[in-house]
Amino acid sequence: MKPTFLGRLAALTAIAVLAGAPLAAPAFAQEAAPAAVAAAPAVETTAAPAPAEAAPAAPAAAEEAAPAPQPNKGDTTWMLVSSLLVLLMIIPGLALFYGGLVRQKNMLSMLMQISTVTVVGVITWCLWGYTLSFTDGGSANKWIGGLSKLFLNGVGVTNNVETFSVGVVIPELTFVAFQMTFACITAALVLGGLAERIKFSATLLFAVIWPIVVYYPMAHMVWLWAGATSGAGVPAADTAAGAGLLWGWGAIDFAGGTVVHINAGIAALVGAIFLGKRSGYQKEPMPPHSLTLTLVGAGLLWVGWFGFNAGSNLEANGYAALAMINTFLATAAAGFSWTLTEWITRKKASMLGMASGMVAGLVAVTPAAGFAGPMGALILGLIVSPICIIFCSAVKNALKYDDSLDAFGIHAIGGIVGAIGTGLVVNPAWGGQGIVDYSTCGAGGVDIATCQSAYDLSFQVMAQLKAVLFTIAWSGIGSTVVFFVIKMITGLRVSPETEEEGLDISEHGERAYHS
């Protein structure tokens, strides 16, 4: 990569950090940061084994200890199904969506890269990813977890984690599996900016190193908190003190607008700059080889995304239903608005535009899925597509970077629109669900719908903006380090001869098609 690109990237990330610094005032400027209804829980509760003998009668004045909450089979079933739906998003959903967009000679390589990132992600998550994301990190807890559950140590069939309703838990192994699929798809999304020119060896190293440096800390900072039961009746300041950094700021992210989409989109842009443009880019046609497969992939993404968004509620209740209808509406609205925008500006309504719009809508509604009302999700979908079109065409052409499959233009930009928009559409006056303040909930199991904090538009939008700026800086700097290290170890880009022949044969010795 030319020094000028590095200089520009460093300047951009420095600006983002400096811009976010003055915004990072204590989250309790107006009051304690509201306890978001959709921050992933981390506190473990273990079901106590039945005693061998009856315990001696307690003194009459002592209160009888409440039994430990037990998982509900319906919630557990929903979360197991949701985990499988997110896997469907990756293999074959994302693989076919991206695969159809590349040229025929690189189809198999795209399938192989996404599959490799996924299988490596599954293994590394269970070895060290889970503990770094969802355990207490001690003095570094604002930023990263600890090593207490390395190799899933201590995670057994009797261990549970708290959800977002007081007194409700799910098996910890279920939570491990669900969050594992998020780690896998986030790394896989980055490949859209690196397509048709990255070495397979570099892909393998990326799958191991990038989550450690970038993804696991972000998941921890956004989603680590005590859980509903532990936070019920406890001052919000105390709960936030033991939570991840962005959670403590009061930023809300239902299913990964910052953690997944902005994080992956910025990494894709950084990787695209490091790799440079594809040979012949902007000089010769590089059309998708199969929009049929791209639409099949987009459809599988939409189906799998119900597990992604509605599953992020961790329970099968009204909030899961809300996330589901919002995922329907925002996706449909974004597909329609992308098609309409193309029809008006280019006189053609393309299939590629429809598929791209659907994905943009899915991205935008992700952070808002359990917070927005249905009309808020509809509005997010309508506005996100025209903005993404500008970045996928005008901005990309002007700055001349080769984001091969528009991972930055759709995921980073769509994620930014959704993350900031969440601060608006959560407003109860606009049909949103508001924000739960667990400090006002009793430990006995008060319905979270009755534990609402006062909505402050300026505070919430500022918290969302701080989270967005921080994520841009974190992913930009961390991804720069990762790609630089990989470049030093094995190199990033295939040779010109390999690129010309196609990665299918050169890197894997196979072809996707034999005709």
Side-chain angles (χ1 to χ4, degrees), residues 1-2 4-5 8 94-114 189-200 202-203 265 268-295 297-298 338 341-342 345-357 359 388-411 413 483 487 491-515:
M1 184 178 71
K2 296 180 180 179
T4 54
F5 285 128
R8 290 174 187 169
L94 184 65
L96 292 177
F97 180 77
Y98 275 174
L101 292 173
V102 299
R103 288 168 289 182
Q104 182 172 318
K105 62 183 180 180
N106 295 315
M107 170 61 166
L108 185 138
S109 72
M110 180 54 65
L111 300 179
M112 186 63 178
Q113 288 171 11
I114 289 177
L189 288 172
V190 180
L191 299 173
L194 321 177
E196 302 195 297
R197 61 204 190 278
I198 187 172
K199 288 182 175 181
F200 181 69
T203 302
L269 177 62
V270 172
I273 294 173
F274 262 92
L275 283 164
K277 303 173 188 176
R278 287 168 291 177
S279 299
Y281 179 68
Q282 294 183 322
K283 297 177 182 178
E284 60 186 57
M286 295 183 177
H289 90 278
S290 177
L291 288 178
T292 302
L293 290 179
T294 293
L295 182 62
W338 195 301
T341 301
E342 281 193 334
T345 59
R346 303 174 184 175
K347 312 303 179 186
K348 300 286 185 182
S350 72
M351 182 70 262
L352 177 58
M354 173 63 79
S356 299
V359 174
C388 287
I389 287 174
I390 292 171
F391 277 86
C392 291
S393 54
V395 173
K396 184 167 73 170
N397 291 334
L399 298 181
K400 302 185 185 304
Y401 58 84
D402 184 9
D403 175 18
S404 314
L405 310 182
D406 290 318
F408 170 76
I410 292 178
H411 291 277
I413 301 304
F483 282 114
K487 185 176 182 179
L492 286 169
R493 184 164 180 159
V494 298
S495 68
E497 295 76 21
T498 295
E499 188 174 352
E500 178 64 28
E501 184 179 9
L503 275 62
D504 289 5
I505 287 294
S506 299
E507 291 271 281
H508 305 291
E510 299 174 306
R511 294 188 188 277
Y513 309 102
H514 295 277
S515 57

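Atom set for the values below is all heavy atoms of this structure, side chains included, hydrogens, waters and symmetry mates excluded.
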Verdict with reasoning, L194 to F483, per side-chain contact (heavy atoms from CB on, under 4.5 Å): CA-CA 11 Å; L194 321 177; F483 282 114; 4.1 Å; yes
Identified side chain to side chain donor-acceptor pair (under 3.5 Å) partner of Y513 from the options H289, K105, Q104: H289
Residues Q282, N397; criterion side-chain contact (heavy atoms from CB on, under 4.5 Å); working and verdict: CA-CA 9 Å; Q282 294 183 322; N397 291 334; 3.6 Å; yes
Crowding at CD, E500 (>12 non-hydrogen neighbours, <6.0 Å): no
Minimum heavy-atom separation for [X] to [Y], with atom names?
{"X": "R493", "Y": "S279", "value": "NH2-N, 3.5 Å"}
{"X": "M107", "Y": "A512", "value": "CG-CB, 3.6 Å"}
{"X": "G193", "Y": "A272", "value": "O-CB, 3.5 Å"}
{"X": "E501", "Y": "S506", "value": "OE1-OG, 2.9 Å"}

Rounded at 0.5 Å granularity, tell me how far [atom1] in [X] sits from [atom2] in [Y].
{"X": "I198", "Y": "N106", "atom1": "CD1", "atom2": "CG", "result": "12.5 Å"}
{"X": "Q113", "Y": "T203", "atom1": "CD", "atom2": "OG1", "result": "4.0 Å"}
{"X": "R197", "Y": "L492", "atom1": "CZ", "atom2": "CG", "result": "10.5 Å"}
{"X": "K400", "Y": "Y281", "atom1": "NZ", "atom2": "OH", "result": "9.0 Å"}
{"X": "Y98", "Y": "L189", "atom1": "OH", "atom2": "CG", "result": "5.0 Å"}
{"X": "E196", "Y": "L275", "atom1": "CD", "atom2": "CG", "result": "12.0 Å"}

Heavy-atom check, side chain of [X] versus side chain of [Y], under 4.5 Å:
{"X": "S356", "Y": "E342", "answer": "no"}
{"X": "M351", "Y": "T292", "answer": "no"}
{"X": "R511", "Y": "I505", "answer": "yes"}

Intermediate values then yes/no, side-chain contact (heavy atoms from CB on, under 4.5 Å), M110 and S404: CA-CA 12 Å; M110 180 54 65; S404 314; over 6 Å; no
Backbone N/O of L269 and side chain of D403: donor-acceptor pair under 3.5 Å: no
Donor-acceptor pair between E507 and S109 side chains, under 3.5 angstrom: no
Ion pair check, E499 and R278, cut-off under 4.0 Å: no
Listed partners of F200 passing ring-ring contact (aromatic ring centres under 6.0 Å, His included), at least two apart: H508
Residue pair W338, M354: steps toward the side-chain contact (heavy atoms from CB on, under 4.5 Å) verdict: CA-CA 6 Å; W338 195 301; M354 173 63 79; over 6 Å; no
Passing option when P288 is tested against L405, L101, V102 for side chain to side chain contact (heavy atoms under 4.5 Å, CB included): L101
